[in-house]
Number of protein chains: 2
Amino acid sequence: MQKQETLTKNQKIILDLIEKSDQPLKAYSILFDVKKKGINAPLQVYRALKKLVKIGKIHKIESRNAFIACKNSKCQIAKATVFSICESCEDVTEIHDHKLSEHLRDFKDNKGMKYNKYNLEFFGLCKKCV
Amino acid sequence: MQKQETLTKNQKIILDLIEKSDQPLKAYSILFDVKKKGINAPLQVYRALKKLVKIGKIHKIESRNAFIACKNSKCQIAKATVFSICESCEDVTEIHDHKLSEHLRDFKDNKGMKYNKYNLEFFGLCKKCV
DNA sequence: AACGCTGTGTAATAATATAACATTTATAAG
DNA sequence: CTTATAAATGTTATATTATTACACAGCGTT
Ligand SMILES: [Zn+2]
Ligand SMILES: [Zn+2]
Ligand SMILES: [Zn+2]
Ligand SMILES: [Zn+2]
């Protein structure tokens with residue numbers, strides 16, 4: 001079977017919502033917003049989120065339990081993500097820095113572990129909040 | 001007031017438990033284990049965890065909602081953490097790599113954001129699980 | 001038609017984390 | 001020693017985040 005490129009109805013509804021927001025959304029806030037579209041249960045949201053993360057359309061901000069759209073095709077299917085997070089206003093931005101990516105991609109520990117993914121979150125104060 | 005160096009009873013109980021484990025522990029598993037020591041409620045655990053994270057005695061593995069002891073004084077009070085996580089056996093190891101730390105410490109985005117903390121999690125397969 | 005795979009809908013429940021309140025203990029200042 | 005204040009405690013209740021379990025539907029392959 002071919003890899004599925006077309007999203008299902010639920011997946012589309014939820015991706016649309018997340019893409020319209022420039023900031024991360026939480027699962028239950030998504031659920032609240034899509035109730036009018038016939039999505040009634042948490043599981044329907046979590047299933048769509050799982051798929052969307054898997055195909056790299058969205059990323060999970062682990063420290064916030066929230067989901068943000070990927071507007072950049074540079075992420076190799078969600079396998080290499082870097083975010084900056086303002087601890088005051090909670091603004092989240094995805095970072096694409098070539099040198100940093102290279103460094104992380106090439107990182108080898110001394111244990112012979114084989115990495116296929118990483119997630120890096122920077123915390124601080126954005127310009128507005130300094 | 002001086003910075004408190006001596007931990008309280010609850011904090012000690014919980015730190016002891018986490019330090020005895022070489023792998024991350026979850027809050028409710030900690031709660032279960034310390035009930036025999038008179039700690040009865042989730043909040044008592046979460047409060048101790050919060051303090052222990054703050055003073056750098058333990059770290060939270062964000063992607064796993066679990067807590068691991070820091071055996072290394074190199075972490076500047078929990079402000080700069082790197083972990084490797086095996087996606088098969090869930091083994092977690094804290095990484096201290098000078099070059100990587102330098103690179104991350106010196107990272108500047110193009111938004112003028114001031115960072116004071118970061119957390120990096122590498123995922124893959126450990127030697128045993130390859 | 002039979003199969004495997006992915007997704008759906010629904011109900012129930014598990015797992016993670018915090019709010020609110022009254023009280024106690026530790027530390028520092030006067 | 002007394003008082004003020006910050007930090008921690010104990011308890012109950014509740015909020016938030018996420019998964020299990022089950023029955024079934026759609027689709028492409030054999
Ligand atoms: Zn991305
Ligand atoms: Zn900000
Ligand atoms: Zn550490
Ligand atoms: Zn492993």
Side-chain angles (χ1 to χ4, degrees), chain A residues 1-18 23-68 77 87 90 92 119 121, chain B residues 1-18 23-68 77 87 90 92 119 121:
Chain A
M1 195 169 88
Q2 270 291 98
K3 196 158 215 171
Q4 187 178 350
E5 263 120 37
T6 59
L7 298 176
T8 66
K9 180 172 146 286
N10 287 1
Q11 290 160 6
K12 255 179 265 170
I13 290 171
I14 287 171
L15 178 57
D16 277 358
L17 183 66
I18 297 176
Q23 287 303 303
L25 298 180
K26 304 207 139 210
Y28 276 73
S29 120
I30 292 169
L31 175 58
F32 179 85
D33 287 345
V34 297
K35 282 218 161 134
K36 44 184 167 302
K37 304 236 176 183
I39 296 179
N40 300 300
L43 191 48
Q44 295 175 291
V45 173
Y46 281 105
R47 282 198 283 226
L49 289 173
K50 187 176 177 180
K51 179 65 188 290
L52 294 169
V53 165
K54 193 178 170 195
I55 63 177
K57 292 287 191 186
I58 65 174
H59 303 302
K60 181 172 186 181
I61 311 298
E62 293 288 356
S63 66
R64 300 297 187 258
N65 300 313
F67 300 84
I68 194 167
I77 315 291
E87 290 184 300
E90 292 293 323
V92 173
N119 178 58
E121 299 180 5
Chain B
M1 197 168 86
Q2 270 292 99
K3 198 161 214 170
Q4 187 177 350
E5 263 120 37
T6 59
L7 297 175
T8 65
K9 181 173 146 283
N10 287 1
Q11 289 162 5
K12 256 180 264 172
I13 291 171
I14 287 172
L15 178 56
D16 277 357
L17 183 67
I18 298 176
Q23 287 302 302
L25 298 179
K26 305 205 141 213
Y28 276 74
S29 120
I30 292 169
L31 175 57
F32 179 87
D33 286 345
V34 298
K35 281 217 162 134
K36 45 182 165 304
K37 304 236 178 186
I39 295 177
N40 300 299
L43 194 45
Q44 295 176 290
V45 173
Y46 280 104
R47 284 197 283 225
L49 290 173
K50 186 176 178 181
K51 177 67 187 290
L52 293 169
V53 165
K54 193 179 169 196
I55 63 176
K57 292 287 190 184
I58 65 174
H59 303 302
K60 181 171 187 181
I61 311 299
E62 293 288 356
S63 67
R64 299 300 187 257
N65 300 314
F67 300 85
I68 193 167
I77 316 291
E87 289 183 303
E90 291 293 323
V92 173
N119 179 58
E121 298 180 6

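Chain naming here is simple, since letters A, B, ... match the order of the sequence lines and numbering starts at 1 in each.
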Q) Could you give the distance from NZ (B:Lys12) to CG (B:Asn10), rounded to the nearest 0.5 Å? A) 10.5 Å
**Q.** Relative orientation of the end axes in the helix from C:dA1-D:dT30 to C:dG30-D:dC1, expressed as an angle to the nearest 10° (five pairs per end)
**A.** 40°
Q: Would you mind reading off the distance between B:Asn10 atom CG and C:dA26 atom P, rounded to a whole angstrom?
A: 12 Å
Q: Quick one: pull up CG in A:Leu17 and CD1 in A:Ile39 and give me the separation to the nearest 0.5 Å.
A: 9.5 Å
Q) Do you know which of A:Ile14, A:Leu25, A:Leu49, A:Ile68 makes side chain to side chain contact (heavy atoms under 4.5 Å, CB included) with A:Ile58? A) A:Leu49
Q.
Going by the rule side-chain hydrogen bond (donor to acceptor under 3.5 Å, both in side chains), which residues pair with A:Glu121 if we only count those two or more places apart in sequence or in a different chain?
A. A:Ser63, A:Asn119
Output one line per pair: protein atom, nucleotide atom from nucleotides 17-20 of chain D, and distance, for all N/O pairs under 3.5 Å.
from: D:dT17; atom 1: OP1; to: A:Lys26; atom 2: NZ; distance (Å): 2.4
from: D:dA18; atom 1: OP1; to: A:Lys60; atom 2: NZ; distance (Å): 2.7
from: D:dA18; atom 1: OP1; to: A:Asn65; atom 2: OD1; distance (Å): 3.4
from: D:dA18; atom 1: OP2; to: A:Tyr46; atom 2: OH; distance (Å): 3.2
from: D:dA18; atom 1: N7; to: A:Tyr28; atom 2: OH; distance (Å): 2.8
from: D:dA18; atom 1: N6; to: A:Tyr28; atom 2: OH; distance (Å): 3.0

(Q) Check this one for me: any side-chain N or O of B:Thr8 less than 4.0 Å away from OP1 or OP2 of C:dA26? (A) no
Q) For the pair made of NZ in B:Lys50 and C1' in D:dT9, what is the distance, rounded to whole Å? A) 15 Å
Q) Closer than 4.0 Å, any side-chain N/O of B:Asn40 to the OP1 or OP2 of D:dT11? A) yes
Q. Can you check the B:Phe32 CZ to C:dA15 C1' distance for me, whole Å?
A. 15 Å
Q) Is the shortest side-chain N/O distance from A:Lys51 to OP1 or OP2 of C:dG7 below 4.0 Å? A) yes
Q | Separation of atom NZ in B:Lys54 from atom P in D:dA6, rounded to whole Å | A | 13 Å
Please table the atom pairs, donor to acceptor, closer than 3.5 Å between any side-chain atom in residues 26-38 of chain A and protein atoms at least two apart or in another chain.
from: A:Lys26; atom 1: NZ; to: A:Arg64; atom 2: O; distance (Å): 3.1
from: A:Lys36; atom 1: NZ; to: A:Asp33; atom 2: O; distance (Å): 2.8

**Q.** Nearest-Å distance for atom pair CZ/C1', residues A:Arg47 and D:dA21
**A.** 11 Å
(Q) Working to the nearest 0.5 angstrom, can you tell me the gap between A:Ile61 CD1 and B:Glu62 CD? (A) 11.5 Å
Q) Can you tell me if the side-chain N/O atoms of B:Gln44 get under 4.0 Å from OP1 or OP2 in D:dG10? A) yes
Q. Could you give the distance from NE2 (A:His59) to CD1 (A:Ile18), rounded to the nearest 0.5 Å?
A. 11.5 Å
Q: Kindly say if B:Gln11 contacts the phosphate of D:dA8, meaning a side-chain N or O under 4.0 Å from OP1 or OP2.
A: yes
Q) What residues, two or more places apart in sequence or in another chain, satisfy side-chain hydrogen bond (donor to acceptor under 3.5 Å, both in side chains) together with B:Gln44? A) none
Q) Taking NZ from B:Lys12 and P from D:dA8, how many angstroms apart are they, rounded to a whole number? A) 13 Å
Q: Please state how far atom CD1 in A:Ile39 lies from atom C1' in C:dT8, giving the value in whole angstrom units.
A: 11 Å
Q.
Just the rounded figure in Å: distance from C1' of C:dG7 to CD1 of A:Ile14.
A. 13 Å
